[in-house]
Amino acid sequence: LNSCARLLQSCRTHQSIFQGRQIHLVLLKRGVVSVVFFANCLLQMYSNCGRLIDARHLFDEMPQRNEFSWNSLIEGCLKSRDNGTALEIFSSMPCRNIFSWNAVITGFAKCGDLDIARRLFNEMPVRNMTAWNSMIHGYIQHGRPNEALSLFKKLNLDPAESARVDNFVLTTIIGACANLEALDYGKQIHARIIVSDVEFDSVLCSSLINMYGKCRDLDSAACILNWMTEPDEFSLSALISGYASCGRWIEARRLFHRSRSPSLVLWNSMISSCVHNGQGEDTLELFNKMRVDRTSADASTFASMLSACASLGVLENGKQVHAHAYKVGMVYDKIVASTVIDMYCKCGSSENACKFFGELKEYDTILLNSMINAYSNCGRIEEARWIFDAMPCRS
RNA sequence: GUGACCCUGGAUCGC
């Protein structure tokens, strides 16, 4: 039974619903589905697999529920982007615990409904660092760094709260410094980490390296990497990008070759650095080496490759990369799709862009912007106009 | 098997 519970927790994708259902049957046979613990595991499984109706049904049938049950249902809604229902369930809960509050706050903060998130945050009776961090992180991710920093200041106003600031919050703030290239403030936070007893875990270290790299203070970045006993691929890749962005290719390459078979993360940072440097030829070469190495590409790799083809204006290579992305089922990623469109336009084949657009069923604003461009290039002004009018949000 | 199970942070990617 224990392993059933563990297996249920590993069902986290739409595909694992089959396994989940089998375990549900096993639990039914054992007659334990009405035990809250097992019912909760099932509920969580259905929520994680995106089966909200099944989850809801199970929930309604449960003879007993606890906060966990409600929270699983809420998380299921949030995961399926049904925030309205999530909030409704949250409001109708008989009693909420800290997880309930954090779940809705992070759910709304993540998708940019920051004012709702903030309202909930303000209403929250007792906040922990998770709540603070979700809120701060939400502001940063949605382009409101000043509000993030002012919330962080508020957090530090209360000495008791300030003392509880953890690696998560500090990593988030360091990330903000990286985005804003705020080296001085970043250094202050770094100093605070040293004097406080916060542990330098791998995530915090890589974000510090990233921050110094973005601020072009490569010596400090390298210093941290050298202090680490076993730097992970994210730290290495942050430093590689830092070196490359300053044109220090020798150091970048040396880091890249430190591991005999570089991981996808390292390949991506090298490839994208080449693209940003306008070294399109090198990019294509790197990509070939990567394939020889049998490292499979992800959406970022394809986006970089396509944008390299676009800036070189090499249609044939672009088509090859497009075909490759198609073969591995990556063209329907929104970012890859819009780079495909952009690539065709810049390679002078807007017709191909239009053709490809016809195969898509999901778009976002950026992708549609590229399409306006494509249609205009073909002289299909009516269609360009039509997309513009149909756009849900224009910028 | 019930002080169990649930929440937050890092590299690279598009107009």
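Here is how names work: the chains are called A, B, and so on, in the same order as the sequence lines, proteins then strands, and each is numbered from 1.
- Between Leu78(A) atom CG and U8(B) atom C1' there is a gap of 14 Å when expressed in whole angstrom units.
- When the side-chain nitrogen and oxygen atoms of Asn133(A) are compared with OP1 and OP2 of G9(B), none of them lie within a distance under 4.0 Å.
- Within 6.0 Å of CD1 on Ile194(A) lie more than 12 heavy atoms contributed by other residues, nucleotides or ligands.
- For the residue pair Asn210(A) and Ser207(A), no side-chain donor N or O sits within less than 3.5 Å of a side-chain acceptor on the partner.
- Note on Glu285(A) versus Lys289(A): salt bridge recorded, some NZ/NE/NH1/NH2 to OD/OE distance being below 4.0 Å.
- Atom pair Leu360(A):CG and G14(B):P shows a separation of 18 Å (rounding to whole Å applied).
- Using a 3.5 Å distance cut-off with no hydrogens or angles, the side chains of Ser263(A) and Glu233(A) do pair a donor with an acceptor.
- With G1(B), G14(B), C6(B) as the choices, the nucleotide that has an atom nearest any side-chain atom of Glu75(A) turns out to be C6(B).
- Using a 4.0 Å heavy-atom criterion, one finds that Val36(A) contacts no nucleic acid atom at all.
- Side chains of Glu161(A) and Trp132(A): a donor on one and an acceptor on the other come within 3.5 Å.
- Looking at Glu251(A) and Arg254(A), no side-chain N of the basic residue comes within less than 4.0 Å of a carboxylate O on the acidic one, giving no salt bridge.
- Distance from the side chain of Ser300(A) is smallest to U12(B) among G14(B), G9(B), U12(B).
- For a distance-only test at 3.5 Å, the side chain of Thr172(A) fails to qualify as a donor-acceptor partner of the base of G9(B).
- Rounded to whole Å, atom C1' of G9(B) lies 14 Å from atom CG of Asn128(A).
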Q. Which dot-bracket notation, 5' to 3', represents the base pairing of RNA chain B when pairs are defined as Watson-Crick or G-U with both distances under 3.5 Å, crossing pairs as [ ], and inter-strand pairs as |?
A. ...............
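- Note: the hydrophobic cluster containing Ile193(A) also contains Met129(A) (ILVMFWY, side chain heavy atoms under 4.5 Å, direct or indirect links).
- Atom CE of Met270(A) is separated from atom P of A11(B) by 19 Å (rounded to the nearest Å).
- A salt bridge links Lys346(A) with Asp342(A); the closest basic N to acidic carboxylate O contact falls under 4.0 Å.
- Taking a 4.0 Å limit (strictly below) on heavy-atom distances, residues 306-321 of chain A does not reach RNA chain B anywhere.
- Of all the residues in residues 102-124 of chain A, Asn102(A), Thr106(A), Lys110(A) reach under 4.0 Å from RNA chain B with at least one non-hydrogen atom.
- For the pair Phe37(A) CZ and G3(B) C1', the computed distance is 14 Å after rounding to whole Å.
- Backbone-only engagement by Ser134(A) is indicated by non-hydrogen atom pairs under 4.0 Å involving sugar-phosphate atoms exclusively.
- Surrounding CG of Asp197(A) are at most 12 heavy atoms belonging to other residues, nucleotides or ligands under 6.0 Å away.
- Atoms CD1 (Ile224(A)) and C1' (A11(B)) sit 14 Å apart, rounded to a whole Å.
- Here, G1(B) and C5(B) have their P atoms 12 Å apart, quoted to the whole Å.
- A heavy-atom distance below 4.5 Å is found between the side chains of His190(A) and Ile224(A).
- Spacing of C1' atoms, U12(B) relative to U8(B), comes out at 22 Å, to the nearest Å.
- No engagement by Ser100(A) is indicated, since no non-hydrogen atom pair under 4.0 Å with the nucleic acid exists.
- Met45(A) has its side chain out of reach of Leu7(A): every pair of non-hydrogen atoms, C-beta onward, lies at least 4.5 Å apart.
- Note on Asp201(A): a base of the nucleic acid sits closer than 4.0 angstrom, heavy atoms only.
- Taking the six-membered ring for Trp and the full ring otherwise, the centers of Tyr46(A) and His57(A) sit at least 6.0 Å from each other.
- In the set G1(B), G14(B), G9(B), the nucleotide with an atom closest to the side chain of Phe38(A) is G1(B).
- Here the C1' atom of nucleotide C13(B) and the CG atom of Asn277(A) are 16 Å apart, to the nearest Å.
- Using modelled atom types, one finds no donor on one side chain facing an acceptor on the other under 3.5 Å when comparing Asn373(A) with Ser370(A).
- Taking the six-membered ring where tryptophan is involved, the planes of Tyr344(A) and His322(A) are perpendicular, since the angle between them exceeds 60° and thus also 30°.
- The ring of Trp70(A) has its center closer than 6.0 angstrom to the ring center of Phe59(A).
- Contact annotation: the side chain of Leu27(A) approaches that of Leu8(A) to within less than 4.5 Å [non-hydrogen atoms, C-beta and beyond].
- Here the side chains of Thr130(A) and Phe99(A) are not in contact, with every heavy-atom distance at 4.5 Å or above.
- RNA chain B lies under 4.0 Å from no heavy atom of any residue of residues 139-164 of chain A.
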Q: Mind running side-chain hydrogen bond (donor to acceptor under 3.5 Å, both in side chains) on Asn128(A) and Asn102(A) for me, showing each step along the way?
A: CA-CA 9 Å; Asn128(A) 64 0; Asn102(A) 287 335; 3.3 Å; yes
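- Of all nucleotides listed (G1(B), A4(B), G14(B)), G1(B) comes nearest to the side chain of Val32(A).
- Of the candidate nucleotides C6(B), C13(B), G14(B), C13(B) has the atom nearest to the side chain of His276(A).
- In this structure, Phe99(A) does not pack face-to-face on the six-membered ring of C6(B), missing the 5.5 Å centre cutoff or the 30° plane limit.
- Contacts between residues 203-221 of chain A and RNA chain B, defined by a heavy-atom separation below 4.0 Å, involve Val203(A), Leu204(A), Ser206(A), Ser207(A), Asn210(A), Lys214(A), listed by number.
- Residue Phe68(A) and nucleotide C5(B) are classified as a stacked aromatic pair, their ring centres being separated by less than 5.5 Å at an interplanar angle below 30°.
- Note on Arg144(A) versus Asp115(A): salt bridge recorded, some NZ/NE/NH1/NH2 to OD/OE distance being below 4.0 Å.
- In this structure, Asn71(A) reaches the bases: a heavy-atom distance under 4.0 Å links it to at least one base atom across the strands shown.
- Residues from residues 232-260 of chain A with heavy atoms under 4.0 angstrom of RNA chain B, sorted by number: Asp232(A), Phe234(A), Ser237(A), Ala238(A), Ser241(A).
- Below 30°, between 30° and 60°, or above 60°: for Tyr363(A) and Phe357(A) the angle between ring planes is between 30° and 60°, a tilted geometry.
- As rounded to whole Å, 19 Å separates atom P of G10(B) from atom CG of Leu225(A).
- One cannot find a donor-acceptor pair under 3.5 Å joining the base of G14(B) and the side-chain atoms of Asn369(A).
- Residue contacts for Asp166(A): at a heavy-atom cut-off of 4.0 Å it reaches no nucleic acid atom on any strand shown.
- In this structure the side chain of Met305(A) reaches within 4.5 angstrom of the side chain of Leu284(A), judged on heavy atoms.
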